[in-house]
2 protein chains.
Amino acid sequence: MTDLSRVPDEELLRLDHQICFSLHAASRAFGGVYRTVLKDLDLTYPQYLVMLVLWEHGELPVKRIGEHLRLDSGTLSPLLKRLEATGYVRRARSSEDERSVTVRLTEAGTALRERAVCVPRRIVEASDLTPAEAATLQSLLARVTGSLDHAAQGFAAAPPGPGHATG
Amino acid sequence: MTDLSRVPDEELLRLDHQICFSLHAASRAFGGVYRTVLKDLDLTYPQYLVMLVLWEHGELPVKRIGEHLRLDSGTLSPLLKRLEATGYVRRARSSEDERSVTVRLTEAGTALRERAVCVPRRIVEASDLTPAEAATLQSLLARVTGSLDHAAQGFAAAPPGPGHATG
DNA sequence: CGCAATTGAATTGCGCACAACTTAAGTGCG
DNA sequence: CGCACTTAAGTTGTGCGCAATTCAATTGCG
């Protein structure tokens, strides 16, 4: 088991280049393929994510959508306006709580699901991963995201503390 | 070995939700941690990537930086202007080829490396991955990026061609 | 040489991500 | 009740990422 504390900083600087850059590049590569595939549906990639959430859960307040996707109103408000302009969703203030805005699918938005059903297969094929690899990748990413979010919380709590290895 | 063609579309739609979203979320989670860690250095995450390239390769034309990071001048031009405004790089037209702009580190930019050396360790610790896991993740991401780029090329080359499944 | 094609940066326009702030609605405690 | 606090959306400003366009410099070919 490699002891991280023994690896010199200089080397980590290169390793880091590999990992952070790989993730950055992979994310953009996915974005590019989604962009191509989703063009026919008049959706961007983040808009597609919102539609997936709505197809799965039905109507939701903006807040809930944000929780599913970890996005705040600063990102979602204009995005949802564009989805509404395209005609896929409708936004309406909740009558029970006037602060809340409920987003629900229009007929066009519901119907779009039929046309979107072929998207995942095209992406998975383009990625050229076996289901097992995809599963490995997915679980590693989920773990990393959890750890990083946890660490980010720590940063907020404990300012510029010196090396506090999570272990 | 799971045969992808047997998995129903409906299920893929959910699986896809998992994979694409995981990557998206992980990328943003990394971004958040980098943002925190890099704030002291007056660098954004993409600016940090550029600095890594320059620290490794010395002065480079914009074109070369773009090749290393897969970014075009539309992204790099304003980013490099900001790096120049911060005082980390200087841009100058090449005398041999007036079309080309050479980017080189200033003293401050070179000196920054010393202060950036601790960044990777903090990120790796925050991600809570073992070196082996990091290696697995990195290689999977590299493969996916390659495949996706290749597929994207295919989209460009063969416009609305009939089913040319990548196999 | 002369002119079309190519190349490298930069610019413009759009959309996403996020921080910081604003506004309006709900909640709670004295 | 009244007033401070919290919460949900929205707005503003900055910085990516990318497509499309522009412009100048270079290259290539007749």
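Letters A, B, ... are given to chains in the order of the sequence lines, protein chains preceding strands, and every chain is numbered from 1.
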Which residue lies more 5' along DNA chain C, comparing A:R82 with A:E98 via nearest heavy atoms
A:R82

Expressed as a whole number of angstroms, how long is the span from A:E96:CD to D:dT7:P?
19 Å

Measure from CG on A:D72 to C1' on D:dT7 and round the result to the nearest Å.
14 Å

Rounded distance in Å - CG (B:D97) to P (D:dT26):
5 Å

Can you find a side-chain donor-acceptor pair between A:E59 and A:T102 that sits under 3.5 Å?
no

B:L71, nearest nucleotide to its side chain (from C:dA9, D:dG10, D:dC18)
D:dC18

For B:R64, report the nucleic acid contact type (base, sugar-phosphate, nothing); a contact means any heavy atom under 4.0 Å.
nothing

Could you pick out which residue, A:P61 or B:P78, lies toward the 5' side of DNA chain D when each is mapped onto its nearest nucleotide?
A:P61

Atom of B:A26, atom of A:L148 and distance for their closest heavy-atom approach
O-CD1, 4.5 Å

So which of residues 21-59 of chain A are in contact with DNA chain D, with a heavy-atom cut-off of under 4.0 Å?
A:H24, A:R28, A:R35

Answer for the Watson-Crick or wobble partner of C:dA20, both distances under 3.5 Å, is D:dT11

Residues, nucleotides or ligands: over 12 heavy atoms within 6.0 Å of A:R90 CZ:
no

I want to check one thing: is the phosphate of C:dT11, taken as OP1 and OP2, less than 4.0 Å away from some side-chain N or O of B:K81?
yes

Between A:S73 and A:R99, whichever has its closest DNA chain D nucleotide further toward 5' is A:R99

Using atom CG of B:L60 as one end and atom P of C:dA9 as the other, report the distance to the nearest whole Å.
11 Å

Under 4.0 Å from OP1 or OP2 of D:dG17: is there any side-chain N or O of B:R70 that close?
no

Can you tell me if A:W55 uses its side chain to pair, donor with acceptor, with the backbone of A:L105 under 3.5 Å?
no

What contact category does B:S100 fall into here, base, sugar-phosphate, or nothing, at under 4.0 angstrom with non-hydrogen atoms?
sugar-phosphate

Between D:dT11 (P) and A:L80 (CG): distance, integer Å
12 Å

Whole angstrom is fine here: how far is it from NZ in A:K63 over to C1' in D:dT7?
8 Å

Sugar-phosphate only, base, or nothing, as touched by B:E67 at under 4.0 Å among non-hydrogen atoms
nothing

Just to be sure I understand the rule, does B:L79 reach a base, reach only the sugar-phosphate, or reach nothing, if contact means heavy atoms closer than 4.0 Å?
sugar-phosphate

For the pair made of CG in A:L76 and P in C:dC16, what is the distance, rounded to whole Å?
10 Å

Does the ring center of A:Y45 lie less than 6.0 Å from the ring center of B:H24?
yes

Just by modelled atom types, is the A:T136 backbone N or O under 3.5 Å from a matching donor or acceptor in the A:S139 side chain?
yes

For A:T44, does its backbone N or O pair with a side-chain atom of A:Q47 as donor and acceptor, under 3.5 Å?
yes

With the side chain of B:T75 defined as its heavy atoms from C-beta on, choose the nearest nucleotide among C:dA10, D:dC18, C:dT11.
D:dC18

Is the shortest side-chain N to carboxylate O distance from B:E125 to B:R121 below 4.0 Å?
no

